[in-house]
Amino acid sequence: MIFPQWSASVAVAPLVTWMLILTTKHVVADFLLQNAWMARGKDSREGWLLPLTVHCLIHGMIATALFALLVPRLWFLGPIDFVLHFLIDRAKGLSVMRLKLGPERSGFWWLIGIDQALHHLTDFVWAMAVAAG
């Protein structure tokens, strides 16, 4: 089992602290460090692999560094974060392509919202893992 048995109570301070850390990581990696080449390329029909991989490596490397420095026993969550981010973003990209959605259609924004919610849910699981001790 990767995660310890979670009780009905979790320490709130570490949970909130890690949600703030991981939300900040997400904003930095998804918005500040993601350039147009990554943003457009990762959702393309062709040539998507490199921009998507670079984008997700940024997420994974920052997460790995944070966990390795602050909670070394959970360093492995960083590479898992890379994989999950890759899968979530690729699923969104495939959905955008298959449904032929662009920013002018509401379905596009629904997918962006679902994508972001899944990333934050991932971060919540990581925060729970830290807070559970």
Side-chain angles (χ1 to χ4, degrees):
M1 175 189 322
I2 292 175
F3 297 109
Q5 183 68 32
W6 289 346
S7 71
S9 63
V10 172
V12 173
L15 178 66
V16 171
T17 300
W18 273 92
M19 279 307 300
L20 290 172
I21 289 169
L22 293 170
T23 299
T24 302
K25 183 273 298 180
H26 186 82
V27 168
V28 168
D30 237 27
F31 299 101
L32 299 178
L33 298 178
Q34 180 175 205
N35 60 29
W37 171 75
M38 287 181 251
R40 286 189 202 108
K42 68 183 186 177
D43 291 342
S44 298
R45 286 199 187 281
E46 296 176 1
W48 58 268
L49 183 59
L50 185 58
L52 178 59
T53 301
V54 170
H55 170 65
C56 294
L57 276 173
I58 291 168
H59 277 278
M61 289 170 47
I62 295 172
T64 301
L66 287 169
F67 287 116
L69 288 170
L70 301 174
V71 193
R73 65 184 169 73
L74 296 176
W75 69 269
F76 62 90
L77 295 179
I80 296 171
D81 193 64
F82 162 79
V83 171
L84 291 176
H85 202 95
F86 188 97
L87 294 171
I88 292 166
D89 277 15
R90 186 60 184 150
K92 186 217 9 138
L94 287 170
S95 297
V96 166
M97 282 186 294
R98 289 196 177 128
L99 299 171
K100 297 181 172 125
L101 296 174
E104 70 285 348
R105 298 190 54 201
S106 64
F108 175 84
W109 298 105
W110 276 88
L111 285 174
I112 296 291
I114 292 167
D115 168 87
Q116 291 299 302
L118 290 171
H119 293 313
H120 291 293
L121 182 59
T122 301
D123 289 342
F124 182 74
V125 171
W126 300 159
M128 286 289 290
V130 173

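Nearest heavy-atom pair across A131 and A11 is CB-O, 3.7 Å. Contact record, I58 with A29: CG2-CB, 3.9 Å, taken as the closest heavy-atom pair. Nearest approach of A68 to P72, heavy atoms of both residues: O-CG, 3.4 Å.
For the pair L84 and W126, the minimum side-chain heavy-atom distance is below 4.5 Å. Counting heavy atoms from C-beta outward, H120 and L22 have side chains that stay 4.5 Å or more apart. When side chains are defined from C-beta on, P79 does not count as touching V83, because their heavy atoms never get closer than 4.5 Å. A heavy-atom distance below 4.5 Å is found between the side chains of F124 and L15.
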Apply side-chain contact (heavy atoms from CB on, under 4.5 Å) to T17 and V130, showing your working. CA-CA 10 Å; T17 300; V130 173; over 6 Å; no

With side-chain contact (heavy atoms from CB on, under 4.5 Å) as the test, would you mind laying out the steps for Q34 and K42 before giving the verdict? CA-CA 11 Å; Q34 180 175 205; K42 68 183 186 177; 2.9 Å; yes

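Taking Ile, Leu, Val, Met, Phe, Trp and Tyr as hydrophobic and joining them when side-chain heavy atoms fall under 4.5 Å apart, one finds V16 in a cluster with V12, L20. In the hydrophobic clustering, L94 connects to M97, either directly or through intervening members, whenever side-chain heavy atoms lie under 4.5 Å apart. I114 belongs to a hydrophobic cluster with I88, L118, counting contacts under 4.5 Å between side-chain heavy atoms of Ile, Leu, Val, Met, Phe, Trp and Tyr, direct or through other members.
One hydrophobic cluster, built from ILVMFWY side chains closer than 4.5 Å, cannot hold both M19 and V27; they sit in different ones. Both I62 and V71 are members of a single hydrophobic cluster when ILVMFWY side chains are connected at heavy-atom separations under 4.5 Å. Neither L69 nor M61 shares a network with the other; the hydrophobic side chains, linked directly or stepwise wherever heavy atoms of I, L, V, M, F, W or Y lie under 4.5 Å apart, form separate groups for each. Cluster membership for L57 and I80, using ILVMFWY side-chain heavy atoms within less than 4.5 angstrom, is not shared. Cluster annotation: F82 and L70 are assigned to distinct hydrophobic clusters (Ile/Leu/Val/Met/Phe/Trp/Tyr, side-chain heavy-atom contacts under 4.5 Å, transitive).
Contacts classified as salt bridge (Lys or Arg N to Asp or Glu O under 4.0 Å) and involving residues 21-31 (residues at least two apart or in different chains) are given here: K25-D81. Among residues at least two apart or in separate chains, there is no salt bridge (Lys or Arg N to Asp or Glu O under 4.0 Å) pair with a member in residues 53-62. Sorted by first then second residue, the salt bridge (Lys or Arg N to Asp or Glu O under 4.0 Å) pairs that include residues 54-68, not counting sequence neighbours, number zero. For the salt bridge (Lys or Arg N to Asp or Glu O under 4.0 Å) condition, no pair includes a residue of residues 123-133, sequence neighbours left out.
Take L49 and apply the side-chain contact (heavy atoms from CB on, under 4.5 Å) test, not counting sequence neighbours, and it matches T53, F86. Applying the side-chain hydrogen bond (donor to acceptor under 3.5 Å, both in side chains) rule to K92 yields the partners D43; only residues at least two apart in sequence or on another chain are considered. A search for ring pair (Phe, Tyr, Trp, His ring centres under 6.0 Å) contacts involving W18 returns F67, not counting sequence neighbours. Not a single salt bridge (Lys or Arg N to Asp or Glu O under 4.0 Å) links D115 to another residue, sequence neighbours left out.
Taking CG of L87 as the start and OG1 of T122 as the end, the distance is 10.0 Å to the nearest 0.5 Å. Interatomic distance, CG of L66 versus CG of L77, reported as 11.5 Å (0.5 Å rounding). With rounding to the nearest 0.5 angstrom, the CG atom of N35 is 10.5 Å from the NE2 atom of H55. In this structure, OG in S44 is found 11.5 Å from CG in L50, a value given to the nearest 0.5 Å.
Note on ring orientation: taking the six-membered ring where Trp is involved, the planes of H85 and H59 are parallel (angle under 30°, cut-offs 30° and 60°).
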Please table the atom pairs, donor to acceptor, closer than 3.5 Å between any side-chain atom in residues 98-113 and protein atoms at least two apart or in another chain.
residue: R105; atom: NH1; partner: L99; partner atom: O; Å: 3.4
residue: R105; atom: NH1; partner: K100; partner atom: O; Å: 3.1
residue: W109; atom: NE1; partner: P103; partner atom: O; Å: 2.6

